[in-house]
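Report on the structure given below.
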Number of protein chains: 2
Amino acid sequence: MIPAPQVPQFSPLYRQIASLITQGLQAGEWKPGEAIPNEFDLAARYKVSQGTVRKAIDELAASNLLVRRQGKGTYVATHAEQTTQFRFLRLAPDPAPGATQPAPHEPLSRRFLDCRRQRAPAAVAHAIGLAGGEAALQVRRLLYFRGRPVVLDEIWLPAALFEGLTSTRLSAYQGPMYALFESEFGVRMVRAEEQIRAVAAEAGVAELLNVAPGAPLLSVERVAYTYGDRPVELRRGLYDTATHHYRNQLG
Amino acid sequence: MIPAPQVPQFSPLYRQIASLITQGLQAGEWKPGEAIPNEFDLAARYKVSQGTVRKAIDELAASNLLVRRQGKGTYVATHAEQTTQFRFLRLAPDPAPGATQPAPHEPLSRRFLDCRRQRAPAAVAHAIGLAGGEAALQVRRLLYFRGRPVVLDEIWLPAALFEGLTSTRLSAYQGPMYALFESEFGVRMVRAEEQIRAVAAEAGVAELLNVAPGAPLLSVERVAYTYGDRPVELRRGLYDTATHHYRNQLG
DNA sequence: TAGTGGTCTAGACCACCAA
DNA sequence: TGGTGGTCTAGACCACTAC
């Protein structure tokens, strides 16, 4: 007889508070960039001590939902910030030969190729939680560093969450796509999982990225999640790594 | 006039305690796998409250130097553990088509090709902190999943730290290389940085990995650090991603 | 100077593990 | 049952920011 899985029922107070705060974020009670109430006010509201609220906020700050600023307050994290800009795009320019300092981030520009309402292939629909037949949006875009194309992205989104998203609207917005998602559609990307492979460039792709057909490219497949671990984006990026690399920290 | 950089002098007590504990780890006072003293004993030793020790340990556990086990004690982390096994090797088998569960980790075997004492190229010497002319060890090995070669690693180490490391000794050891390093040479890898690119397989590499010449491979360049952020390994891995992928979490 | 987050303490009690 | 880490509280004080 297989023993029933021992599900630990116990959940400490601070985790319950963290969950309540997350619900407030999800419900839009506090918007990205805004400050949440101070620790004592939250403690009074939830009828716990300040230390417990503090530990709850610690957790949320550790998972990048909140940002603490000593002396000022605790703020809702946003993708519309310089410092958070490259949290999800891990591509960096190669260091110049002999350089001791890592190369700084280069100016980046975006070009949107198309944005179509379309039936998603089964694998895609499954990944972003679409029931049979629900519509999806497919966006394709190029990223340029120093005027050269380096990344080709193909992005799938549930159409229901992004009604009114068009190529022109994407092009008009200056700044990261995820910042537009959170300000215009109330969808905030919280975490993502990536699968990385090396592939050979197909003809059409090669032309867009200005590389030889068959050239090795990095394939980066990402599923991005919003609050409550709901998957809301599938993205396949093809990176030309001739002058750039994907950087990663192992802890 | 450029303002002098404002160096924050203030360091909270718990960080000083964390630093003292780290020194103990570095000095080998507590060995990988062993338990450190309980929180009250440490508090008495450092003349602070248990809460402060606790916060210090929290930090060290967060950076994977220590492992807490409720009801048992706090232990020095080790690479010789199943759970930590794949913390630095981020290669996972592709899920079977239509599978809902991610594929489990596959049995892995290692084959060492050679281990030579050798002058390191300048770039390598610089990366692992070798002064001019100091000797290095170069190790090459293959990793097999299900009997098939998937990874070719070329590894550079400072010879001074690994006196007596030979191909036969590497082959004799069952388990991760980093576990051997920590138990036999007292060098514990704490964190690493990786740069990932897509490259085309050269002839010799292609043969070893059993792929066509020119096939796209993942190039994973790693610098691994021990205590005190000292770089002690440079590793270049070539991964065949036909049936596997490099997985990454973005938080 | 007022308000916010950050640190430190002391003590009570709870959850988990092993013997 | 005893020992360990884990939680929660209450209060004092420190460091940083803005006005």
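Chain A is the first sequence line, chain B the second, and so forth, proteins listed ahead of strands; every chain is numbered from 1.
Applying the 4.0 Å criterion to OP1 and OP2 of C:dC8, one finds that B:Thr52 has every side-chain N and O outside that range.
For the residue pair A:Gln195 and A:Glu221, no side-chain donor N or O sits within less than 3.5 Å of a side-chain acceptor on the partner. With 3.5 Å as the limit, one finds no donor-acceptor pair spanning the side chains of B:Arg230 and B:Tyr225.
Residues from residues 19-51 of chain A that place a heavy atom under 4.0 Å from any atom of DNA chain D, listed by number: A:Val48, A:Ser49. Looking at residues 54-73 of chain B, you'll see B:Arg54, B:Arg68, B:Arg69, B:Gln70, B:Gly71, B:Lys72, B:Gly73 sit with a heavy atom under 4.0 Å from some atom of DNA chain D.
With sequence neighbours excluded, no residue forms a side chain to side chain donor-acceptor pair (under 3.5 Å) with B:Arg87. By the side chain to side chain donor-acceptor pair (under 3.5 Å) test, B:Tyr246 is found to be paired with A:Asn248, B:Glu194, residues two or more places apart in sequence or in another chain being considered.
A salt bridge between A:Glu193 and A:Arg191 is present, with a side-chain N of the basic residue lying under 4.0 Å from a carboxylate O of the acidic one.
In this structure, the OH atom of B:Tyr14 is 8 Å from the C1' atom of C:dG6, given to the nearest Å. Rounded to whole Å, the distance from CZ on A:Phe10 to C1' on C:dC16 is 11 Å.
Residue pairs satisfying the ring pair (Phe, Tyr, Trp, His ring centres under 6.0 Å) criterion with at least one member in residues 18-67 of chain B, sequence neighbours excluded, are absent. Note on residues 52-80 of chain B: pairs passing ring pair (Phe, Tyr, Trp, His ring centres under 6.0 Å), not counting sequence neighbours, are B:His79-B:Phe88, B:His79-B:Tyr178.
With ring centers used as reference points, B:Tyr239 lies 6.0 Å or more from B:His244.
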